[in-house]
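Nothing fancy with the numbering, it's 1 onward along the sequence.
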Amino acid sequence: MTTNLFDDFNPISSKQWKQKIQFELNGADYNETLVWNSPEDIQVKPFYHKDEFSKVFSVTTKATNFRICQNVFVYDIEKSIERALDSLSRGADSLRFTIENESIDVTNLLEKLPLEKVTVYFHLDFISIDFVKKIDAFAKKNNTTIFCNLDPIGQLAKDGNWFTTKEKSNFDTLNLLSAATTSVSLISINASLYQNAGANMVQQIAYSLGHANEYFNRIEAINKPIVFEVAVGTNYFFEIAKLRALRLLFNVIAKEYNHNLDCNIIVSPTKRNKTLYDFNVNMLRTTTECMSAIIGGADAIANLPYDALYHKDNEFGDRIARNQLLILKNESYFDKVNNPADGSYYIENLTNQLAEKSLALFKDIEANGGFLKQLNDGIIKRKIQESADTAQALFDNGKEILLGTNKHPNKQDTMKHDLELFPFVKVKPRKTLITPIIEKRLAEKIEQERLDLE
């Protein structure tokens with residue numbers, strides 16, 4: 001018979017805890033001293049108690065199923081195949097191929113890879129019915145799980161233009177593909193776009209849901225899971241709650257369209273807090289971000305190499321990034337427990353608040369014409385810019401700390417302080433969200449920094 005040892009102790013209410021804390025503060029104000037506000041206007045308390053927590057949302061996550069994803073840019077097919085094979089042999093169990101144009105022989109690429117137990121994602125910089133049909137035919141023949149990740153709205157938000165197609169619109173193309181394919185998932189939501197542009201978490205969730213809602217309204221049949229490509233930052237518990245809230249709200253909205261398939265979430269660390277100064281600290285940042293992704297319920301994680309800001313893809317950076325995930329899975333046992341955040345009053349409280357605030361913003365977007373209208377009117381861009389400016393101000397004032405950059409900088413870093421913390425906030429004059437300034441204004445300086453580091 002099991003004995004509950006806690007029966008020997010009298011329960012302590014939240015009121016008693018507060019009284020004890022207030023006594024220890026020696027007259028200092030409880031709210032001003034211990035309660036802080038997040039950029040999402042969520043008050044974070046010093047403790048959370050069962051008697052203050054009643055509303056629980058059901059969030060089902062499966063940390064045991066999370067996959068280690070390797071990004072592969074496809075230009076030379078043979079080299080890409082070699083790299084994919086090497087990644088799979090070293091621990092990756094998922095691949096994400098970036099392809100820029102239709103000239104790539106995608107069937108040849110896929111046929112030379114052992115994909116029986118491997119999930120494949122595509123990032124296509126174009127939209128083509130014939131190209132996707134080839135992928136679908138391969139998936140059907142080989143029973144391979146493939147996500148094409150077609151996101152015309154994300155293309156519009158990022159570049160200011162739709163994909164070029166033969167059809168009247170990108171939505172017509174998606175409808176034709178939906179009718180012509182049976183074995184691949186087509187639709188994705190580039191939620192990382194909003195995070196890297198500077199949106200706070202409520203905005204990220206609400207804009208992603210509004211983004212998805214546009215597809216539900218315009219695509220006649222969505223019979224496969226929708227993919228959310230999400231970026232996570234270093235606010236550890238908030239990022240866990242963000243992923244849980246996103247999945248929760250998506251399922252609520254999807255049911256209104258009789259779409260009963262859970263979404264697939266692929267996560268990458270944010271680029272917003274990665275630095276050129278003391279760049280090795282980027283490994284610590286990406287590690288905690290990957291931990292948040294696993295606990296938050298990511299289906300796959302494509303880690304960001306520590307040197308991604310100043311190096312092209314390289315074997316060493318990719319191997320280190322992949323090994324971080326392998327350590328979390330095989331040595332830290334992060335994949336052994338499903339729903340690991342359940343029962344944490346703090347995380348569940350954050351999940352509830354993020355979900356409620358995001359749903360309210362989503363409803364406001366829909367009441368004012370929908371996501372596409374607000375995107376075209378420049379409202380989404382303006383709101384994100386305001387949040388990005390607030391974050392930049394916190395960094396400039398020393399309230400947002402990046403170790404090795406604005407706190408304990410390495411004196412050997414001689415680069416002039418003309419780098420902004422968030423280089424991905426800049427936008428084009430037209431209605432776009434992000435345009436990295438590294439490629440142009442800082443290209444020569446970064447190249448010189450790279451040579452110095454080598």
For residues 212-241, pull every pair meeting salt bridge (charged side-chain N to carboxylate O under 4.0 Å, His left out), keeping only residues two or more places apart or in separate chains.
Arg96-Glu229, Glu214-Arg218, Glu239-Lys242
Okay, side chain of Arg247, backbone of Gly297: is any donor-acceptor separation there less than 3.5 Å?
yes
Between the main-chain N or O of Met283 and the side-chain N or O of Gln324, is there a donor-acceptor pair closer than 3.5 Å?
yes
Contact check, side chains of Val118 and Leu113, non-hydrogen atoms, under 4.5 Å
no
Side chain to side chain contact (heavy atoms under 4.5 Å, CB included) between Gln203 and Tyr194: does it pass, once the steps are laid out?
CA-CA 8 Å; Gln203 290 172 328; Tyr194 310 123; over 6 Å; no
Given Glu289, which partner from the list Asn235, Thr234, Asn273 fulfils the side-chain hydrogen bond (donor to acceptor under 3.5 Å, both in side chains) test?
Asn273
Can a donor-acceptor pair be found, under 3.5 Å and without considering hydrogens, that links the side chain of Asp93 to the backbone of Ile68?
yes
When the ring planes of Phe250 and Phe228 are compared, do they come out parallel, tilted or perpendicular, using 30° and 60° as the limits?
perpendicular
Which is it for Asn190 and Ser192 under the side-chain hydrogen bond (donor to acceptor under 3.5 Å, both in side chains) test, yes or no, and what are the steps along the way?
CA-CA 5 Å; Asn190 186 3; Ser192 64; 2.5 Å; yes
Minimal non-hydrogen separation, Val267 against Ala293, with atom names
CG1-CB, 3.6 Å
Closest non-hydrogen atom pair, Thr286 against Leu304:
CG2-O, 3.6 Å
So, taking the atom named CD1 in Ile301 and the one named CD1 in Ile294, what distance separates them when rounded to the nearest 0.5 Å?
4.0 Å
Ser94 side chain to Thr119 backbone, donor-acceptor under 3.5 Å
yes
Is it the case that Gln385 and Asp389 place a side-chain donor and acceptor less than 3.5 Å from each other?
yes
Name the atoms and distances for all side-chain donor-acceptor pairs under 3.5 Å in residues 358-366, with sequence neighbours left out.
unit_1	atom_1	unit_2	atom_2	d
Ser358	OG	Leu354	O	2.6
Asp364	OD1	Asn368	ND2	3.3
Glu366	OE1	Asn213	ND2	3.1
Glu366	OE2	Asn213	ND2	3.4

Nearest heavy-atom neighbours spanning Leu109 and Ser80
CD1-CB, 4.3 Å
Under a 3.5 Å threshold, yes or no: a donor from one side chain and an acceptor from the other, between Asp307 and Asn314?
yes
Main-chain N/O of Lys79 paired to Asp76 side chain as donor or acceptor, under 3.5 Å:
yes
Would you say Thr64 and Asn338 are linked by a side-chain donor-acceptor pair, where the criterion is simply a distance under 3.5 Å?
yes
Within the side chain of Asn108, is there an N or O that forms a donor-acceptor pair under 3.5 Å with the backbone of Asp105?
no
Do you see a donor-acceptor pair shorter than 3.5 Å between the side chains of Asn101 and Ser103?
yes
Is it the case that over 12 heavy atoms from other parts of the model lie below 6.0 angstrom from the OH atom of Tyr257?
yes
Under 3.5 Å, which donor-acceptor pairs do the side chains of residues 162-171 form with other protein atoms, sequence neighbours left out?
unit_1	atom_1	unit_2	atom_2	d
Thr165	OG1	Glu167	O	3.4
Glu167	OE1	Thr173	OG1	2.7
Ser169	OG	Phe171	N	3.3
Ser169	OG	Asp172	N	3.1
Ser169	OG	Asp172	OD2	3.4
Asn170	OD1	Phe163	N	3.0
Asn170	ND2	Phe163	O	2.9

Is there a side-chain contact between Phe238 and Ile42 (heavy atoms, below 4.5 Å)?
yes
Side-chain (His259) to main-chain (Ile222) donor-acceptor, under 3.5 angstrom
yes
Please check if the side chain of Asp125 supplies one atom and the backbone of Glu100 the other of a donor-acceptor pair under 3.5 Å.
no
OH on Tyr215 to CG on Leu150, rounded to 0.5 Å:
8.0 Å
Distance check, rounded to the nearest 0.5 Å: Thr287 atom OG1 versus Ile327 atom CD1?
8.0 Å
Asp130 with Lys134: basic N within carboxylate O range, under 4.0 Å:
no
Rounded to the nearest 0.5 Å, what's the gap from NZ on Lys271 to CG on Asn196? Could you check?
6.5 Å
Looking only at atom types and distance, does a side-chain atom of Asn200 sit under 3.5 Å from a main-chain N or O of Glu40, one as donor and one as acceptor?
no
Could you list all the ring-ring contact (aromatic ring centres under 6.0 Å, His included) pairs where at least one residue sits in residues 126-148, not counting sequence neighbours?
Tyr121-Phe147, Phe126-Phe131
Check step by step if side chain to side chain contact (heavy atoms under 4.5 Å, CB included) holds for His311 and Phe316.
CA-CA 11 Å; His311 263 166; Phe316 182 77; over 6 Å; no
Look only at the side chain of Gln204 and the backbone of Ala199, and say whether a donor-acceptor pair between them is shorter than 3.5 Å.
yes
What is the distance from atom CD1 of Ile295 to atom CZ of Arg244, rounded to the nearest 0.5 Å?
10.5 Å
Between Ile189 and Ile226, what is the shortest heavy-atom contact and its length?
CG1-CG2, 3.9 Å
Measure centre to centre between the rings of His123 and Phe97, then say whether the value is under 6.0 Å.
no
Polar contact flag, side-chain donor to acceptor under 3.5 angstrom, Arg285-Thr270
no
To the nearest 0.5 Å, what is the distance between CG on Asp335 and CG on Asn330?
7.0 Å
Take Tyr75 and Ile104 through the side chain to side chain contact (heavy atoms under 4.5 Å, CB included) test and state the conclusion after the steps.
CA-CA 8 Å; Tyr75 179 76; Ile104 297 297; 5.8 Å; no
Side-chain heavy atoms of Asp318 within contact of Ile320, under 4.5 Å:
no
For the CD atom on Glu386, are there more than 12 heavy atoms of other groups (residues, nucleotides or ligands in this structure) within a distance under 6.0 Å?
yes
In plain terms, say whether Arg90 and Asp86 are close enough for a salt bridge, that is, a side-chain N and a carboxylate O under 4.0 Å apart.
yes
What pairs of residues pass the salt bridge (charged side-chain N to carboxylate O under 4.0 Å, His left out) test when at least one of them lies in residues 107-123, not counting sequence neighbours?
Glu78-Lys112
Looking only at non-hydrogen atoms, find the nearest pair between Pro269 and Lys274 and report the distance.
CB-NZ, 4.1 Å
Using a strict cut-off of less than 4.0 Å between a Lys/Arg side-chain nitrogen and an Asp/Glu carboxylate oxygen, indicate whether Asp299 and Arg67 qualify as a salt bridge.
no
For Lys357, all residues meeting salt bridge (charged side-chain N to carboxylate O under 4.0 Å, His left out), sequence neighbours excluded:
none
Pi-cation contact, Phe66 with Lys329 (under 6.0 Å, within 45°)
yes
Shortest non-hydrogen contact from Gln195 to Val232?
NE2-C, 4.5 Å
Between Gln70 and Arg322, is there a side-chain donor-acceptor contact under 3.5 Å, judged purely by atom types and distance?
yes
